[in-house]
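Here is the naming used below: chain letters follow the sequence lines, and residue numbers restart at 1 for every chain. Just so it is clear, the model here is predicted, and its values are computed rather than measured.
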Amino acid sequence: MVGSLLEGKTVKVGHDLKKEMILLKKQGVELAEPMFDTMVASYLINPVRSEQTLEAIALEFLGKNVIEQLSGVRDEKSRIDYVCHAAEAIFELKEILSGRLRDEGLEELFYNVEMPLVRVLSDVEMNGVRVDRDFLNEMSKEVDSDLQELMSKIYSLAGQEFNINSPKQLSEVLFEKLKLPAIKKTKTGYSTDVEVLQQLSAIHELPAEILTYRTLSKLKSTYIDSLPSMINPETGRVHTSLNQTVTATGRLSSSEPNLQNIPIRTELGRRIREAFTAEPGNLILSADYSQIELRVMAHMSEDPILIESFKKGEDIHARTAAEVFGIMPGLVTSEMRRMAKVVNFGIIYGMSPFGLSKDLGISQKDAKRYIDSYFEHYKGVSSFIEKTILEAKEKGYVRTLLGRKRPIPELSGKEVALRQFGERTAVNTPIQGTAADIIKLAMINISKRLKKEDLKSLMILQVHDELVFEVPEGELEIMKLLVCEEMEGVMELKVPLKVDIGVGKNWSEAH
DNA sequence: CACTAGTGCAA
DNA sequence: TATTGCACTAGTG
């Protein structure tokens, strides 16, 4: 099966191995232990990506030739054999690596969270998610006719035919032929990104049409047309890879296909989610943590207003608006709430007045006033940020609540921009990473309960603060309770963790 | 086929 | 001059 895929291409060992495993499982074969070991072993190389030294040790021990030889192994069986031998070799590293884990204070995180999670993720990947091929194919036709129409309109506005998908050709049309003002530069020429095109829309018809074209063509090529081709013929489902050792903060990443960036914001985007369906007799259950990063920040900063606000179950963005604008909560308009929401996110990312002003379309001066006002009211957050940066500079790293460690070498550099980047990283990582710790632990606990209570429900996706399940109708009520209980009760913070649950025939309805 | 640049989707 | 990702197309070698 795999052999034919390999001719003249780079082998993706993990991915092709997984196809084998899915097939074997379908056939009722117990998964060969060496295969599972391979996954564990590959994880042992690099349990936490920030631990660069672990990677260095593994590379030194195994040498680069492992990777090189793997890509040279064409035959399916010998490739699996080879990987298994590699796994053995990797296990010899265990002693060195466990010493490192101990020295870095990462043992608990590794053995209680990351290792148990390996099996959970493997299950989620194997379960896969059902995708409605016919539905997407139908949508593809519709979008295609819209695109055709847009295309001829664009050509006539431009006075010529060209490849709209080529930023290079597009910038020739916009900035040379039509002589529109160039607003922003890239490394290689003038930018044609959404921000530029929006501004140009005010003076010419063409840019707005391009924007619509871009949106449609993006959704069509990345999701509508590509997802059906990712459906595994053996299972009729899509099996993503949930990568455990990729991100710097401890989040998972998803690839082949990436199911963590399925659209939701636009109308058409939401329709794409309708293609993620449950088998007849089943339902999709989606459970997401409400404002988990702000709650984590409340916990870590111990800010009294944030804590009180979450304890009372207030609308957190509305409360921020009331604080920042200095008005009674009852007088907060939806526009003010929207701005406060942007401010709240900005705080977590370490946004500057410049960035905030750009995002809200206000002056930098006003943006600075909002930020100052925020820190004036949320003194705990302000001192948390200062303290975190200071400590990161002293130690050279930051940690999440469960001890996950990220070195921040940028902080000791001499370039100002780089150092500032390090400061934002120092603040953001403990927050984003703690949220990741929390949901990982919840996944493990839910998985245990599913097994213990012999439930047929399947965990099928994780999207950073959301877990998605496929649930037999008869298990719906018990699952709602179970998932909520495990996610909210996974650990005790200074503020409650809140989970919102939705149910539907598909992923869109479940939101 | 492998790689980079520009762009844009998600939390 | 906002955090973390993945992947598409065009273009080059």
Residues at least two apart in sequence or cross-chain that pass ring-ring contact (aromatic ring centres under 6.0 Å, His included) with Phe276(A), listed by chain then number, are Trp507(A)

Scan for ring pair (Phe, Tyr, Trp, His ring centres under 6.0 Å) pairs involving residues 196-227 of chain A, sequence neighbours excluded, and state none if there are none.
none

Whole angstrom value for the distance that separates P of dA11(B) from CZ of Arg295(A):
17 Å

Would you say a side-chain N or O of Arg406(A) is under 4.0 Å from OP1 or OP2 of dT4(C)?
yes

The contact string for nucleotides 6-13 of chain C, one letter per nucleotide 5' to 3', using protein heavy atoms under 4.0 Å with B, S and - for base, sugar-phosphate only and none, comes out as SSSSSS--

Contact check, residues 175-201 of chain A vs DNA chain C, heavy-atom distance under 4.0 Å, returns none

Please list residues of residues 355-373 of chain A whose heavy atoms come under 4.0 Å from any atom in DNA chain B, ordered by number; otherwise none.
none

What pairs with Tyr349(A) under ring-ring contact (aromatic ring centres under 6.0 Å, His included), at least two apart in sequence or on another chain?
none

For Thr186(A), side chain to side chain contact (heavy atoms under 4.5 Å, CB included) partners two or more places apart:
Thr188(A), Ser191(A)

Under the ring-ring contact (aromatic ring centres under 6.0 Å, His included) test, residues paired with Tyr397(A) that sit two or more places apart:
none

Does a side-chain N-to-carboxylate-O contact under 4.0 Å join Arg130(A) and Glu470(A)?
no

List for me each residue that meets ring-ring contact (aromatic ring centres under 6.0 Å, His included) alongside Tyr374(A), sequence neighbours excluded, and say none if there are none.
Tyr378(A)

Which residues satisfy the side chain to side chain contact (heavy atoms under 4.5 Å, CB included) test with Pro228(A), sequence neighbours excluded?
Arg133(A), Leu136(A), Asn137(A)

Test: ring pair (Phe, Tyr, Trp, His ring centres under 6.0 Å). Region: residues 164-188 of chain A. Which pairs qualify, not counting sequence neighbours?
Phe175(A)-Tyr190(A)

Any residue of residues 419-432 of chain A with a heavy atom less than 4.0 Å from an atom of DNA chain C:
Phe421(A), Arg424(A), Asn428(A), Gln432(A)

Phosphate contact (dA11(B) OP1 or OP2) by Arg251(A) side-chain N/O below 4.0 Å:
no

Heavy-atom count around Glu149(A) CD within 6.0 Å, excluding the residue itself: above 12?
no

Without swapping roles, check the side chain of Ser145(A) against the backbone of Glu142(A) for a donor-acceptor pair under 3.5 Å.
yes

